[in-house]
Amino acid sequence: MVKTLTHKILESHLVEGTLQPGSPIGIRIDQTLTQDATGTTAFLLFESMGVRRVKTEVSVSYVDHNMAQFGPENHNDHLYLQTVAARSGVFFSRPGNGICHQVHLERFGRPGATLLGSDSHTPTGGGLGMLAIGAGGLDVAVAMGGGAFHLTCPKVIGVKLTGKLHDWISAKDIILKLLSLLTTKGNVDCVIEYFGPGVETLSVPQRATIANMGAELGVTTSVFPSDKMTEQFLAAQNRESLFVPLHADADARYDRVIEIHLADLEPLAACPSSPDNVQPVRELEGVKCHQVLIGSCTNSSLSDLMIVAEVLRKAKRIAPMVELAVAPGSRQVLMMLAETGCLTPLLSAGARILESACGPCIGQGLSPANDVISLRTFNRNFSDRSGTRGDMVYLVSPETAVASAIVGEITDPRNMKQIMGIRYPTFRLPEHYVVDDNLIVPPLPESEASAVEIRRGPTIVVPETPTPLPKDLTGKVLLHCGDKVTTDHIMPAGVHLKHRSNVPEYSKAVFSSFNEEGKPTFAQRAMDLKKKGQYGIVVAGLSYGQGSSREHAAMCPMYLGVRAIIAKSIERIHRANLINFAIVPMEFALEGDYERVRRDDELEIPGLLEAIRSRNQITVLDRTGSFEFECNLNLSLRDRQILLQGGLLSYTRARSGTA
Ligand code: MIC
Ligand code: SF4
């Protein structure tokens, strides 16, 4: 039987179920990655599962998000993560070594492997021919303990690339084009598989940019074939022995095929405040911008930054009213910039060089001024994510970013020749990268690991295990929100990020972007209800829980007593996180009911447990509005068992006999 590449990798890792799109399956996980902002809870939960040592081929713990170290919280987290990694047989990538996805691509990823990461941009590994999936930290903890990862067998969308990109057009424009076609909604449980002659023209870092930002489509992951380019990339990293050729069978059938002719593409931008609000840069030309940020796990590879450096070498300076900052994706990229002489033109033209970390992408500094436009090469421009309320963030390629930084206005980079006499730079990428793993601490042998003392600073609080769900649920609608509410809106990062290891403290920020001046916050209203022994319910529109994999967007509402989400639709990772923390995800069965329910309505869900046990539909009574409506439950057998058990941790403990 002819197969897609996705099905080949799934098949070689299948441990439960059958490969029938739409049905639940379990796959073996070869590698895991965690980062500090989701990793502390992942490791606290891993420890409480009672497993001493990871059972994967490779597990890596990265520190890249919480790096500002205002107060002791971040450093407490780093020391906890380093000691727990040493104890558990996990590689530890120290702060300063780079962004998890970039470093994993460079130093650990291998074609054909499965990778599960507690970060939604884990699919970056798809650029290397891996099946790399983002999940909540608890799912990753289970995988570290040797457990399967459970997902819905995906449909496979084939994206056929033909032709070749013109100068000044880059991988970012390919994924922005796809976002304009598929949008951020409605792609749950699909994998995007790239094929066709255009693939050969793209380097691994370019493929990684595309796979990375595929996360914004809401798909399970994206995957590229493993070919000559893959071999070259691995060889440049001294890892050629890991190369295996991989591709779909010639006549593989896709559930849908989209064709993109690379030569037809033009520079694109995602306008405020959604990655799918895409417009051609030429239509935005002339709009003043005061900030340009280049970096993030999407666009901070050596080739991205060499283009920027070469353009700046010719331009010599940036516009006087523009702030330009560059964050190299990894220490390797930074060292290579120095080695190739590309650091000097960046510095000389006026770029601020940031640490190799997530930085402004996750609201850790460089928030833009009020009412100014910020251009970023990142992957998300959800409102307020930058740390400034009412921000106006455009997502663009490094080429568009640098052109705009020089001119001071959004600029189509194809006009650089005409405006500044600057041609598209040509340069050769080095055949070998500096390979220096000094900041990667390898796991200790088992005999030495048990002597390591795990350091848990006082700002690290072990998360609460959910209480069992009630037989019948009575609760109040604490929030009635619209479409595309992201996990950034549910659980903001920015200044609150440092509380990731302290659920009671972090919970104060739940839904804070919905709080109204002078009125009780969401957290206060939820806590008041909880004290009265009642539950909180959130009502939402389409694509609830888009974006980040942060399970705090489930864990903190659960801590505040929220036990049901009723939405028009819920995104994959967030839905799994809700179930893992025993919050019931429900979807309106009929159009129109979403509009009828209002904030503060008292809802009653009789027979909740019974329905979770055996039914797909459940009736909700709106006592305030005196009407009832139907909701779909759409739960797999395993989802039902997890909810009935009071969450994934209790379920896992019960199955392993450590309860
Ligand atoms: C993000 O880009 O939103 C993050 C921060 O990397 C998150 C993880 C987190 O919230 O810690 C993600 O993408 O999953
Ligand atoms: Fe870090 Fe931003 Fe990438 Fe998330 S999207 S991993 S915050 S660089």
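In each ligand, atom 1 is the first atom listed, and ligand 1 is the first ligand listed.
Between His496 and Tyr506, the angle of the ring planes lies from 30° to 60°, which puts this pair in the tilted group. The aromatic rings of Phe224 and Tyr194 sit parallel to each other, their planes meeting at less than 30°, with 60° as the upper class boundary.
Remark: the Asn76 side chain and the Thr459 side chain contain an N/O donor-acceptor pair separated by less than 3.5 Å. Side chain to side chain, Thr486 and Gln546 fail the donor-acceptor criterion of an N or O pair below 3.5 Å.
Ion pairing of Arg110 with Asp30 is present here, as a side-chain N (NZ or NE/NH1/NH2) and a carboxylate O approach within less than 4.0 Å.
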Give one line per pair: atom of ligand 1, protein atom, distance. Only N/O to N/O under 3.5 Å.
unit_1, atom_1, unit_2, atom_2, d
ligand 1, 2 (O), Arg380, NH1, 3.3
ligand 1, 2 (O), Arg385, NH2, 2.9
ligand 1, 3 (O), Arg380, NH1, 2.9
ligand 1, 3 (O), Arg385, NH1, 2.8
ligand 1, 3 (O), Arg385, NH2, 3.4
ligand 1, 3 (O), Arg550, NH2, 3.2
ligand 1, 6 (O), His65, NE2, 2.8
ligand 1, 6 (O), Asp119, OD2, 2.7
ligand 1, 10 (O), Arg500, NH1, 3.4
ligand 1, 10 (O), Arg500, NH2, 3.0
ligand 1, 10 (O), Ser548, OG, 2.8
ligand 1, 10 (O), Arg550, NE, 2.7
ligand 1, 10 (O), Arg550, NH2, 3.3
ligand 1, 11 (O), Gln35, NE2, 2.9
ligand 1, 11 (O), Arg500, NH1, 2.7
ligand 1, 13 (O), Asp119, OD1, 3.3
ligand 1, 13 (O), Ser120, N, 3.4
ligand 1, 13 (O), Ser120, OG, 2.5
ligand 1, 13 (O), Arg380, NH1, 3.0
ligand 1, 14 (O), Ser120, N, 2.7
ligand 1, 14 (O), Ser120, OG, 3.2
ligand 1, 14 (O), Ser548, OG, 3.4
ligand 1, 14 (O), Ser549, N, 2.7
ligand 1, 14 (O), Ser549, OG, 2.9

Show me, pair by pair, the donor-acceptor contacts under 3.5 angstrom made by side chains of residues 353-360, not counting sequence neighbours?
unit_1, atom_1, unit_2, atom_2, d
Ser356, OG, Pro328, O, 3.1
Ser356, OG, Ser330, O, 3.3

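Contacts of Phe581 classified as ring-ring contact (aromatic ring centres under 6.0 Å, His included), with partners at least two apart in sequence or in another chain: none.
Pocket lining of ligand 2, defined as residues with a non-hydrogen atom under 4.0 Å away: His65, His101, Asp119, His121, Ser296, Cys297, Cys358, Cys361, Ile362, Asn379, Arg385.
Few gaps surround CZ on Arg239; more than 12 heavy atoms of other groups in view lie less than 6.0 Å from it.
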Q | Step-by-step side chain to side chain contact (heavy atoms under 4.5 Å, CB included) determination, Val90 to Phe43 | A | CA-CA 11 Å; Val90 169; Phe43 276 98; 4.1 Å; yes

